[in-house]
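Chain letters run A, B, ... following the sequence lines, proteins first and then strands; every chain starts at 1. Every heavy atom of this structure was used, including side-chain atoms; hydrogens, water molecules and symmetry mates were not. The model shown is predicted, which means the values in this text are computed figures rather than measured ones.
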Protein chains: 2
Amino acid sequence: MTSTPDTAPVRRVPRPRADALRNRERIVTAAREMFVEFGPQVPYDEVARRAGVGNATLYRNFPERLDLVREVVLSLMARVTELAERATEEEADTFAALRRFTHAAADERIGALCPMLDGAFDKDHPDLTVERERLEEAVQGLVERAQRAGRLRADVGVGDLMVAVSQLTRPLPGTACVNFDQFVHRHLQLFLDGLEAPARSELPGTAATLEDLRRDSCRRS
Amino acid sequence: MTSTPDTAPVRRVPRPRADALRNRERIVTAAREMFVEFGPQVPYDEVARRAGVGNATLYRNFPERLDLVREVVLSLMARVTELAERATEEEADTFAALRRFTHAAADERIGALCPMLDGAFDKDHPDLTVERERLEEAVQGLVERAQRAGRLRADVGVGDLMVAVSQLTRPLPGTACVNFDQFVHRHLQLFLDGLEAPARSELPGTAATLEDLRRDSCRRS
DNA sequence: AAATAACCGGGGGCTCTCTCCCCGTTTGGA
DNA sequence: TCCAAACGGGGAGAGAGCCCCCGGTTATTT
């Protein structure tokens, strides 16, 4: 039906319908929650049900599972970046800022990112690279500021912080321990105490950036 | 070998064949490795292949998956108990003993126990109870000794140590990061620095024993 | 407000994986 | 040497998750 006249290719999608946008957002939110609880292998249909949409809607928005995973990761990274920036701005004490960021990141269930690194997850996707740089910049700022102030030991890097926080906050699959969160914050607190200067021991290995993690973590067995 | 038939008539299995015992051991070893790498849902046939036996042999030894999981858990707990006892005996410095035990437990991949707590795992099986008590006793000794010596902060318990070590050493599913081990030991070292007395901050919540974990961790969502 | 086109929802077939049994062959023990 | 217990691999059966189809609904346009 003579859809596109030669002049202007008639805005195909000038504005995706409002409910479509809303549904997409609800899907990402639901997926984030489900991934945290059950891992990224959770059935598509379950995600759709949690989101309150039909499964077809999910497939229309994210034909490939990896698309959905990437979207969730991006969403989480953006939130965590925001947390880092807020902590930097609002906390005068440099180490207090680090503490605040760490506990806040834990509440965002950043540990749920771990299982998404497996398989054929495209770590070099443009969107991811951009978001990762923003995240690293924000946290790097937090770390360096505390190190310059002599509050944070000098032999640790952004990678150490992020990996350890991720590991400590990973949910136990299948079980929903009622006071697991309490534990998490205890252990983060202990870990932070270990991060504080002056150092109480010598660390093996070397400090790592997020870039190091991206490069080294994709060796298949 | 004087099968002592006087009391018990006709020992059905006076001695399981030597190769049968060997195979059973190889199966448990293979299962432990596979569970660490892929989680306890790994296909039976894969475990059998890694163990170098036919799948039927596996089913003959462990008709239920939970039997196999329990055997692996028992095996790991026994090894870790041994580590705790060795560290207690051989290290004069109380905190050094704790450090040594922690790093050794990490090398045993104690974090792989986590995914086995999900679902209908029978936490009250007699064998498990016995082994858990032995483990708790050994680690409790390590902890209390360091606390009495004033080297370990007083507001932590066995549960804190075990859970944190487990979390920090949990493998990233799917990926075999080449220098992940290096990271693990760095983070354990940092965590241990946080455990050392005097305490640098106040902890939320309360110290927990292994018994607390067993009770509280089975609340389904 | 009516027309229209995009969007939504859920039911069902299809495929793929894992489980578990069957039976001929091998191997350890007396 | 004899025998019985244990072994191994192939394959049928079952279950779960994936993805498509099509009638109904809702937001936008004139």
Suppose we call a contact any N or O donor and acceptor under 3.5 Å apart; does that hold for the side chain of B:R17 and the base of D:dA6?
no

Once rounded to the nearest 0.5 Å, what's the spacing between atom [atom1] of [X] and atom [atom2] of [Y]?
X      : Y      : atom1 : atom2 : result
B:L195 : B:L188 : CG    : CG    : 10.0 Å
B:M34  : B:Q41  : CE    : CD    : 13.0 Å
B:L68  : B:Y59  : CG    : OH    : 10.5 Å

Answer yes or no: is there an ion pair linking [X] with [Y], defined by an N-O contact shorter than 4.0 Å?
X      : Y      : result
A:E46  : A:R49  : yes
B:R134 : B:E131 : yes
A:D127 : A:R70  : no
A:R26  : A:D19  : no

Is any side-chain N or O of B:R60 closer than 4.0 Å to OP1 or OP2 of D:dC7?
yes

Any B:T57 side-chain N or O less than 4.0 Å from OP1/OP2 of D:dA6:
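Result: no.
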
Check every strand shown and say whether A:A18 touches a base, only sugar-phosphate, or nothing at a heavy-atom separation below 4.0 Å.
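Contact class for A:A18: sugar-phosphate only.
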
Categorize B:A20 for me: base, sugar-phosphate, or nothing, with a 4.0 angstrom heavy-atom threshold over every strand shown.
sugar-phosphate

Among residues 22-30 of chain A, which ones have heavy-atom contacts with DNA chain D below 4.0 Å?
none

Any donor-acceptor pair under 3.5 Å linking the side-chain atoms of A:R170 with those of A:Q167?
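Yes, a side-chain donor-acceptor pair sits under 3.5 Å.
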
Base versus backbone protein contacts along nucleotides 12-20 of chain C [heavy-atom cut-off under 4.0 Å; B, S, -]:
------SBB

Would you write the dot-bracket representation of DNA chain D, where each base gets (, ), [, ], | or . depending on whether it forms a Watson-Crick or G-U pair under 3.5 Å and with which partner?
||||||||||||||||||||||||||||||

Going by side chain to side chain contact (heavy atoms under 4.5 Å, CB included), A:V47 matches just one of A:V53, A:V42, A:N55. Which one?
A:V42

Side chain of A:A56 only, heavy atoms from C-beta on: which candidate in D:dG8, C:dG10, D:dC7 is closest?
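Of D:dG8, C:dG10, D:dC7, C:dG10 is nearest to the side chain of A:A56.
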
